Enquirer: 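Sharing a structure, written as structure tokens. Questions coming.
Because the structure is a prediction, the values reported are computed rather than measured. Letters go in sequence order (proteins before strands), and every chain restarts at 1.
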Number of protein chains: 2
Amino acid sequence: MATKQRGRPRSFDRETALEKAMRAFWENGYEGTSVSELTREMGIGAPSLYAAFGDKRSLFEEVVRVYGTTHGAGPARALTEEPTARGAVERLLREAADEFTDPGHPHGCLVIHAATNCTTPEVEQALRDQRGASLTAIEDRLRQGMATQELPEGTDAAALARFVGAVFQGMSQQSRDGASRGELEAIADLAMAAWPASEPAASGHRA
Amino acid sequence: MATKQRGRPRSFDRETALEKAMRAFWENGYEGTSVSELTREMGIGAPSLYAAFGDKRSLFEEVVRVYGTTHGAGPARALTEEPTARGAVERLLREAADEFTDPGHPHGCLVIHAATNCTTPEVEQALRDQRGASLTAIEDRLRQGMATQELPEGTDAAALARFVGAVFQGMSQQSRDGASRGELEAIADLAMAAWPASEPAASGHRA
DNA sequence: TCAAATCTGTAGCGGTCGTTATGAAAATGA
DNA sequence: TCATTTTCATAACGACCGCTACAGATTTGA
């Protein structure tokens, strides 16, 4: 195996083309990006696109998958790598401020924006599911923080996770509306002010 | 004047049709709603639509205008009617939790969602401008609160306004993703926890 | 040297988009 | 009664949508 394949070789680099497709979808969304725009950006003809990636929807799904392991991988890393739940969330939000305003690529989060107002319900639902999974990941990390007594017993992990998710999504939207990195960082800082107070002590004075 | 007009009378109620158009745009966005969907929902033929509303874009602009004075009027009311800045923002967010999940109409905020991934830049920009104006309105109300000493001198009104806006937008997104009214209220409550502490006293003890 | 296999460019498929021409229908004014 | 005015329903316009048939180009294996 791994011998040279038989026919005429592909004249473009598949990964590079996929990256170009990601930029296009990221910038203009799934339905806002036509196949002719894709072929123009990717520098290939339509038949080559269909041969290499299936159809438009398969290409988008592959783009989303790659996004999740590259530009979109920050949150998962923050949640697993940081020693405390608070540190994880703070890093998640501050890295988002950075990532969302990176001039090297479209602003905001592809998973949040690329399938809104989408006439193809399956595509819209796929990204919705992914957003739901992210919320669950945050919530799980918070529960972990409760288990280690980092967070107060009474903490509503689901609600706090939703709050973090809402701030994250709001930051993404604002980055698309032109907010700067510093402005997003200020949002992140304010959000952290809502973090549950670690009870003054474990005892029960102060009635 | 006000005499009967000359030709064949219109066979539909303009306001009712406009309301139907609003629902459609609200649900599926500007480009996600085709003219044929509009005519179906509004119960009129295409020529009637064009005679009564101009073209699709004019219809959308009129929809946005009406939305701003009806379903979208809550925030402005909260900001002007409440006696304190804190009360205004709290009401703004809690009313949003209610409004965004009202089963009587599409979820979330039309101004936030209806023109994302829009191939017509002017339409996208128009709603972007409207969001910017909302941010400014919040910021103005916060500055007013600073002028009356309700808010600490050092408060960053612009940053706090952006934070409130981000939470608002995040709540809108989450309502579209299926979050319940109670879940959104929890987000609002957590956001209010980030409110600047009113300094313990105006004096300078506790160095 | 040639058949088989695979990719590429052109050109076009049926379908939907936003929009409008056309003529019948329904009102008023004379 | 009949011309005038406005709206309505049908049907179609050109442009673009996602997608593909086709034929030529370019490779490998025999």
Enquirer: Any ion pair linking B:Glu61 and B:Arg57 (charged N to carboxylate O, less than 4.0 Å)?
Expert: yes
Enquirer: How would you label the contact of B:Thr39 with the nucleic acid (heavy atoms, under 4.0 Å): base, sugar-phosphate, or nothing?
Expert: nothing
Enquirer: Check the phosphate of D:dT7 against B:Ser11, side-chain N and O only, distance under 4.0 Å to OP1 or OP2. Yes or no?
Expert: no
Enquirer: C:dC17 phosphate, OP1 or OP2: any side-chain N/O from B:Ser34 under 4.0 angstrom?
Expert: yes
Enquirer: Has B:Lys56 got its NZ or CZ under 6.0 Å from the middle of the six-membered ring of B:Phe25, at an angle within 45 degrees of the ring axis?
Expert: no
Enquirer: Hey, do the aromatic rings of A:Phe60 and A:Tyr67 have their centres closer than 6.0 Å?
Expert: no
Enquirer: Can you measure B:Gln5 atom CD to C:dA26 atom C1' for me and round it to whole angstrom units?
Expert: 12 Å
Enquirer: A cation-pi test, strictly: NZ or CZ of A:Arg10 under 6.0 Å from the centre of the six-membered ring of A:Phe12 and no more than 45 degrees from its axis. Yes or no?
Expert: yes
Enquirer: Check for a donor-acceptor pair, side chain of B:Ser134 on one end and backbone N or O of B:Gln130 on the other, with a separation under 3.5 Å.
Expert: yes
Enquirer: Measure from the side-chain heavy atoms of B:Arg6 and tell me the nearest of C:dA4, D:dT4, D:dT7.
Expert: D:dT4
Enquirer: Atom CD of B:Glu37 to atom P of C:dC17: distance rounded to whole Å?
Expert: 7 Å
Enquirer: Could you tell me the separation between the CD atom of B:Glu31 and the P atom of C:dT16, rounded to a whole number of Å?
Expert: 18 Å
Enquirer: May I ask you to decide if A:Gln169's main-chain N or O and B:Gln169's side chain share a donor-acceptor pair within less than 3.5 Å?
Expert: no
Enquirer: Between C:dC17 atom P and B:Tyr30 atom OH, what is the distance in whole Å?
Expert: 14 Å
Enquirer: Heavy atom of residues 40-64 of chain A under 4.0 Å from DNA chain C: which residues?
Expert: A:Gly45, A:Pro47, A:Ser48
Enquirer: Using a 4.0 Å heavy-atom cut-off across all strands, classify B:Thr33 as base, sugar-phosphate, or nothing.
Expert: sugar-phosphate
Enquirer: Closest approach to the side chain of B:Arg8, judged atom by atom: which nucleotide of D:dG18, C:dA25, C:dT19 is it?
Expert: C:dA25
